[in-house]
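This report concerns only the one structure given below.
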Amino acid sequence: MSGERGRGRRIVLWRHGQTTWNVEQRFQGQTDIALTDTGVGQARRAARLLAALAPDVIISSDLSRAADTAAELSVVTGLPVTHYPELRETYAGVWQGLTHTEINEQFGDQYQAWRRGEPVRRGGGELETEVADRAAPVVQAAADKLDDGGVLVVVSHGGTIRTTIGRLVGLPPATWESLGGLTNCCWSVLGEGVRGWRLTEHNAGTLPEPVLGDDT
């Protein structure tokens, strides 16, 4: 980003609604699990709130739980949704479909290493940095096309959103885990300033409010 081009743009990174595997605390990864009725309701409520931000563009993971969440915002705003496989959740290999307890029982050393924050290919899947490598450029490219003050909504998954935020704000990968997890159908907001993207809202479920007296 050079000069003053695109100042004031915002990126809203919105996690999908609830699924049965969320409730059962199973690793979903790239398994295509549908929203529950509760998840659909969450998406409809959140869509009404996010529509008030007057989004300009909606992009989404192509997995149904994200695509169906994005569709609710499309209904309210009239905007089309563009789907990207690059915005899918982290591929977690043989961990997918297992609960945390089952993973710890079957892959204890790997699970504990991941819990300590070590770079781990969970279940033989992707590293967090590899997820950021595929997802963050898609988000940045979409944001680059916005006019000044434009709003991009990205509908994706908890792990992918965390790594994308970490990459876009320039945090070292070892610190990405310090970004707390997103609740189903909650979102985080990146705002653009003179030094690039900054995290202005995290795990929000209500409309972002202006920051008053920042750093004072």
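Quick note: numbers below take in every heavy atom, side chains included, and nothing from hydrogens, waters or symmetry partners.
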Please check this pair: side chain of [X] against backbone of [Y], looking for a donor-acceptor N/O pair closer than 3.5 Å.
X	Y	result
T90	A92	no
D32	S64	yes
R9	A143	yes
T99	R26	no
T164	A132	no
T36	Q18	yes
R15	L182	yes
T175	P172	yes
H202	G180	yes
W176	L171	yes

### Query
Taking only residues two or more places apart in sequence, or in another chain, which ones meet W114 in a ring-ring contact (aromatic ring centres under 6.0 Å, His included)?
F27, W95, Y111
So if you build clusters from Ile, Leu, Val, Met, Phe, Trp, Tyr with side-chain heavy-atom gaps below 4.5 Å, do [X] and [Y] land together?
X	Y	result
I161	L199	yes
V76	L49	no
W21	I103	no
V120	V131	no
L63	V138	no

### Message
Run V12 and L50 through side chain to side chain contact (heavy atoms under 4.5 Å, CB included) and show every step you take.
### Response
CA-CA 9 Å; V12 180; L50 292 176; 4.0 Å; yes
### Query
Is there a side chain to side chain contact (heavy atoms under 4.5 Å, CB included) between T200 and L190 once you walk through the steps?
CA-CA 6 Å; T200 60; L190 300 182; over 6 Å; no
Closest heavy-atom pair and its distance - [X], [Y]:
X	Y	value
A46	W187	CB-CZ3, 3.8 Å
N203	T183	OD1-N, 2.8 Å
R10	L53	NH1-CD2, 4.1 Å

Under a 4.0 Å N-O cut-off, is there an ion pair linking [X] with [Y]?
X	Y	result
R167	D133	yes
R88	D62	yes
E72	R48	no

Among all residues two or more places apart in sequence or in another chain, which pass the side-chain contact (heavy atoms from CB on, under 4.5 Å) test with [X]?
X	value
L127	P119, R121, T129, E130
P137	none
A70	I58, S60, V81, V155

Interatomic distance, [X] atom [atom1] to [Y] atom [atom2] [nearest 0.5 angstrom]:
X	Y	atom1	atom2	result
E24	Q28	CD	CD	9.5 Å
Q110	R115	CD	CZ	14.0 Å
W14	C185	CH2	SG	5.0 Å
L87	T82	CG	OG1	10.5 Å
N184	L35	CG	CG	8.5 Å
L73	R44	CG	CZ	13.5 Å

## Note on the structure
Exactly one of T69, I33, D68 clears side-chain contact (heavy atoms from CB on, under 4.5 Å) with H16, and that residue is T69
### Message
Quick one, S61 with H157, criterion side chain to side chain donor-acceptor pair (under 3.5 Å). Give me CA distance, side-chain angles, the key distance, then yes/no.
### Response
CA-CA 8 Å; S61 160; H157 310 266; 2.9 Å; yes
Are [X] and [Y] close enough that some pair of their side-chain heavy atoms sits under 4.5 Å apart?
X	Y	answer
L168	Q140	yes
I59	V153	no
L13	S156	no
D147	D56	no

### Test side-chain hydrogen bond (donor to acceptor under 3.5 Å, both in side chains) applied to Q96 - qualifying residues, sequence neighbours left out
T31
### Message
Determine whether T160 and E89 satisfy the following criterion, side chain to side chain donor-acceptor pair (under 3.5 Å), listing intermediate values before the conclusion.
### Response
CA-CA 5 Å; T160 301; E89 183 59 288; 3.2 Å; yes
### Message
E105: which residues meet the salt bridge (charged side-chain N to carboxylate O under 4.0 Å, His left out) condition with it, sequence neighbours left out?
### Response
none
#### Entry: The single option from E126, E128, E86 passing salt bridge (Lys or Arg N to Asp or Glu O under 4.0 Å) against R134
E126
### Query
Would S188 and I165 count as a side chain to side chain contact (heavy atoms under 4.5 Å, CB included) if you check the C-alpha gap in whole Å, the side-chain angles of each, and the deciding distance to 0.1 Å?
CA-CA 9 Å; S188 295; I165 291 172; 3.7 Å; yes
### Message
Just checking Q25: does its CD atom have more than 12 heavy atoms from other residues, nucleotides or ligands closer to it than 6.0 angstrom?
### Response
no
### Task
Could you go through the side chain to side chain donor-acceptor pair (under 3.5 Å) check for N22 and T19 one step at a time?
CA-CA 5 Å; N22 289 148; T19 71; 3.3 Å; yes
